[in-house]
There are 2 protein chains.
Amino acid sequence: MNEPLDDAATYSPRKYRTPDGAPADIVIFTITSQARNTVKKSLPTRQLEVLLIERKGWPFAGQWALPGGFSKDTETIIESAKRELQEETGVEDVHIEYLNVYSEPGRDPRGWIISHAFVALVHENYLAGRRAADDAADVRLFPVEEALAMNLAFDHNLILQDALNRIRHQMLTTTIAREFLPEEFTIGELYQVIEAVVPEFVERNFIRKITSTQSRKGIIEEVRDSRGELKMSNRYSQRAAQLYRFTDFLPQLSIYS
Amino acid sequence: MNEPLDDAATYSPRKYRTPDGAPADIVIFTITSQARNTVKKSLPTRQLEVLLIERKGWPFAGQWALPGGFSKDTETIIESAKRELQEETGVEDVHIEYLNVYSEPGRDPRGWIISHAFVALVHENYLAGRRAADDAADVRLFPVEEALAMNLAFDHNLILQDALNRIRHQMLTTTIAREFLPEEFTIGELYQVIEAVVPEFVERNFIRKITSTQSRKGIIEEVRDSRGELKMSNRYSQRAAQLYRFTDFLPQLSIYS
DNA sequence: GGAATAGTGTCTCTCAGACATTATGTC
DNA sequence: GACATAATGTCTGAGAGACACTATTCC
């Protein structure tokens, strides 16, 4: 411990160097849907995308980076992340969680800057306004694989990879799929969202696992209308599909169960 | 983004307030064994404990706190955590992982101090030296429940609770149990370690689940001696028990599997 | 033989995984 | 009738959960 031992009256700020800033950087993921050009109704193709901004000034001018900004002494770091998310996308009250701290000396040429990365999951509808201005803008959605292949500013390639690993794991072990879906969705949509994030996901008897396996039953529930009739949707298919919604239930996973 | 737009030559440190420090605090868990006073060999009682230090100076003088120290600009925060762990316990190369950041304004009366909490899991043997001096010392192991009931310095009650939640979850979903066990252990010991961290854990057919269930088979493997004979131990029982070791296998858990 | 721990036998009901089959509505 | 998606039928082998039972060694 290298803390001074004096009391409040005699306490003086330490003579050691202090950090030059503690910013929050945000990895904003969304899943875009692209209707396929078939004559008949069909499922859209879905793709996991990440929001990047083009840097204007030094350092890394001209390169793409994660949105972010310095935190203030009047807010927690998650509050600054939420503020930044609001400024960048206009959305509030979406899923945002802390990812990791990045403190490698020299990671930022401006000084000793310790960055805190967050992951935000945003439904594509919330970003609809931004998308319109796509090509010209300095704020854009990139498919994740494409973004990873770019040379991003700072250590943002690393942060993005960490964020991707995190949501891939969470997609299978938690109900974050709900963040990319409307309140009521079909089994087909849910399956596509999982696939968009975890391409290797394959589960032939998906509907049975999720609806009638004892240990999993209750993660999602059927939606009924005011008369108690099962509510269906045919937005993506000829044959109407049952609508479901997530409940608050999350099964406890265990390797020893 | 409130970053300056100038280039490197004209860049000047921002006029905003910068943090007064970015310490690493470490929640060091161990599981102690206490032999029971029975005439015959029997399993020890095991308890999850956390290492705390008594603060000497302002602020929170006289209160117990998590060990920690300020990070330097020449190291990553995890490196400062490892350095601190080495100073406090003398151990290196143990399991240590990042927990969370604590940045509530006012959490530290010394200024704007953003703390990074880590969780370290240490085998009790490594702490054996410290334990001898227990009662008189200003560094002590406390049973976790007892520590949570104390009034710890700073926001360390919160950090400790977060750390406990984290390892409870990890104990069931990863193989961190290995950090509290010798290289070779019996099923009974493993079961006790899980119980010490997750008291509500009950699994009547434990040995069968862990050794012969298809999806779990391979997490641990039987130990054999140089002649290929199964290696047994009777340190805790009359009847010798098979020794096992962890492998590198970790099953993928999924709520959709 | 009693105590303490280690490990097996056995039974029932559910689930996993594979794959074929039926259902519904559009063009 | 071809197509696209939704959903069920059916079969086999594996696993979950419960609990009685045997095994080993020390005292």
Side-chain angles (χ1 to χ4, degrees), chain A residues 33 35-46 172 184-193 195 200-220 222-223 230-244 251-257, chain B residues 33 35-46 172 184-193 195 200-220 222-223 230-244 251-257:
Chain A
S33 330
R36 280 185 294 162
N37 302 343
T38 49
V39 204
K40 313 170 187 183
K41 283 183 193 174
S42 66
L43 288 166
T45 56
R46 292 177 198 258
L172 297 180
E184 303 177 353
F185 53 87
T186 66
I187 298 288
E189 288 179 283
L190 171 57
Y191 194 91
Q192 277 201 319
V193 164
E195 264 189 321
E200 56 276 21
F201 181 77
V202 175
E203 186 55 61
R204 285 188 181 75
N205 290 340
F206 186 62
I207 185 173
R208 298 233 274 245
K209 291 271 181 80
I210 193 74
T211 57
S212 52
T213 300
Q214 198 62 34
S215 56
R216 274 176 267 275
K217 192 166 16 186
I219 296 172
I220 59 174
E222 295 158 337
V223 180
L230 290 171
K231 200 167 159 191
M232 316 291 277
S233 158
N234 64 345
R235 61 190 137 174
Y236 295 129
S237 59
Q238 331 311 324
R239 176 174 173 177
Q242 176 62 48
L243 285 173
Y244 290 87
Q252 295 303 311
L253 298 172
S254 166
I255 62 172
Y256 303 117
S257 76
Chain B
S33 330
R36 281 185 291 161
N37 302 342
T38 49
V39 202
K40 313 171 186 183
K41 285 183 192 173
S42 66
L43 287 164
T45 55
R46 291 176 198 259
L172 297 181
E184 303 176 353
F185 53 87
T186 66
I187 298 288
E189 289 179 281
L190 171 57
Y191 194 91
Q192 275 202 320
V193 164
E195 264 189 321
E200 56 275 22
F201 181 78
V202 175
E203 187 55 60
R204 285 189 181 75
N205 291 340
F206 185 62
I207 185 173
R208 299 234 274 247
K209 290 271 180 79
I210 192 73
T211 57
S212 54
T213 300
Q214 199 62 33
S215 56
R216 274 176 267 275
K217 192 164 20 188
I219 296 174
I220 59 174
E222 294 157 339
V223 180
L230 290 172
K231 202 166 159 193
M232 317 291 277
S233 159
N234 65 345
R235 59 189 138 173
Y236 295 130
S237 58
Q238 331 311 326
R239 175 174 175 176
Q242 176 63 48
L243 286 173
Y244 290 86
Q252 295 303 312
L253 298 172
S254 166
I255 62 172
Y256 303 118
S257 78

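Per chain, numbering begins at 1; letters A, B, ... match sequence-line order.
Of all the residues in residues 200-211 of chain B, B:R204, B:N205, B:R208, B:K209 reach under 4.0 Å from DNA chain D with at least one non-hydrogen atom.
Here C:dA16 presents its P atom at 14 Å from CD1 of B:I255, a figure rounded to the nearest Å. If you measure from atom CD1 of A:I220 to atom P of D:dA7, you get 10 Å, rounded to the nearest angstrom. The CD atom of B:E189 sits 12 Å away from the P atom of C:dG7 (whole-angstrom rounding). With rounding to whole Å, A:F185 atom CZ is found 19 Å from D:dT5 atom P. The nearest whole Å value for the distance from the CD atom in B:E222 to the P atom in C:dA6 is 15 Å. In this structure, B:Y256 atom OH and C:dA16 atom P are separated by 15 Å, rounded to whole Å. One interatomic measurement links the two molecules: CE of A:M232 to C1' of C:dG25, which rounds to 12 Å at whole-angstrom precision.
Nearer to the 5' terminus of DNA chain D, by closest-nucleotide assignment, is the contact made by A:Q242 (compared with the other of A:Q242 and B:N234). Residue-to-nucleotide proximity on DNA chain C shows that, of B:S257 and B:Y236, the 5′-proximal contact is made by B:Y236.
A heavy-atom distance below 4.5 Å is found between the side chains of B:P44 and B:Q192. Using a 4.5 Å heavy-atom cutoff, the side chains of B:E189 and B:Y236 are in contact. Looking at heavy atoms from C-beta onward, B:Y244 lies out of side-chain contact with B:I210 at the 4.5 angstrom threshold.
By the 30° and 60° cut-offs, the orientation of the rings of A:F201 relative to A:F206 is perpendicular.
With sequence neighbours left out, the salt bridge (charged side-chain N to carboxylate O under 4.0 Å, His left out) criterion links B:K217 to no other residue. Judged as a salt bridge (charged side-chain N to carboxylate O under 4.0 Å, His left out), and not counting sequence neighbours, the contacts of B:E184 are B:K231. Remark: B:P251 engages A:I255, B:I219, B:F249 in a side-chain contact (heavy atoms from CB on, under 4.5 Å) (not counting sequence neighbours). Taking the ring-ring contact (aromatic ring centres under 6.0 Å, His included) definition, one finds that B:F185 meets it with B:F246, sequence neighbours left out.
Taken to the nearest 0.5 Å, the CD1 atom of A:I207 stands 13.0 Å off from the NZ atom of A:K209.
The residue B:R216 sits close only to the backbone: its heavy atoms come under 4.0 Å of sugar-phosphate atoms, none of a base.
Dashed line: the shortest gap from a side-chain N or O of A:T213 to OP1 or OP2 of C:dA16 is under 4.0 Å.
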What protein N or O atoms touch nucleotides 22-24 of chain C N or O atoms at under 3.5 angstrom, if any, and at what distances?
unit_1 : atom_1 : unit_2 : atom_2 : d
C:dA23 : N3     : A:R239 : NH1    : 2.8

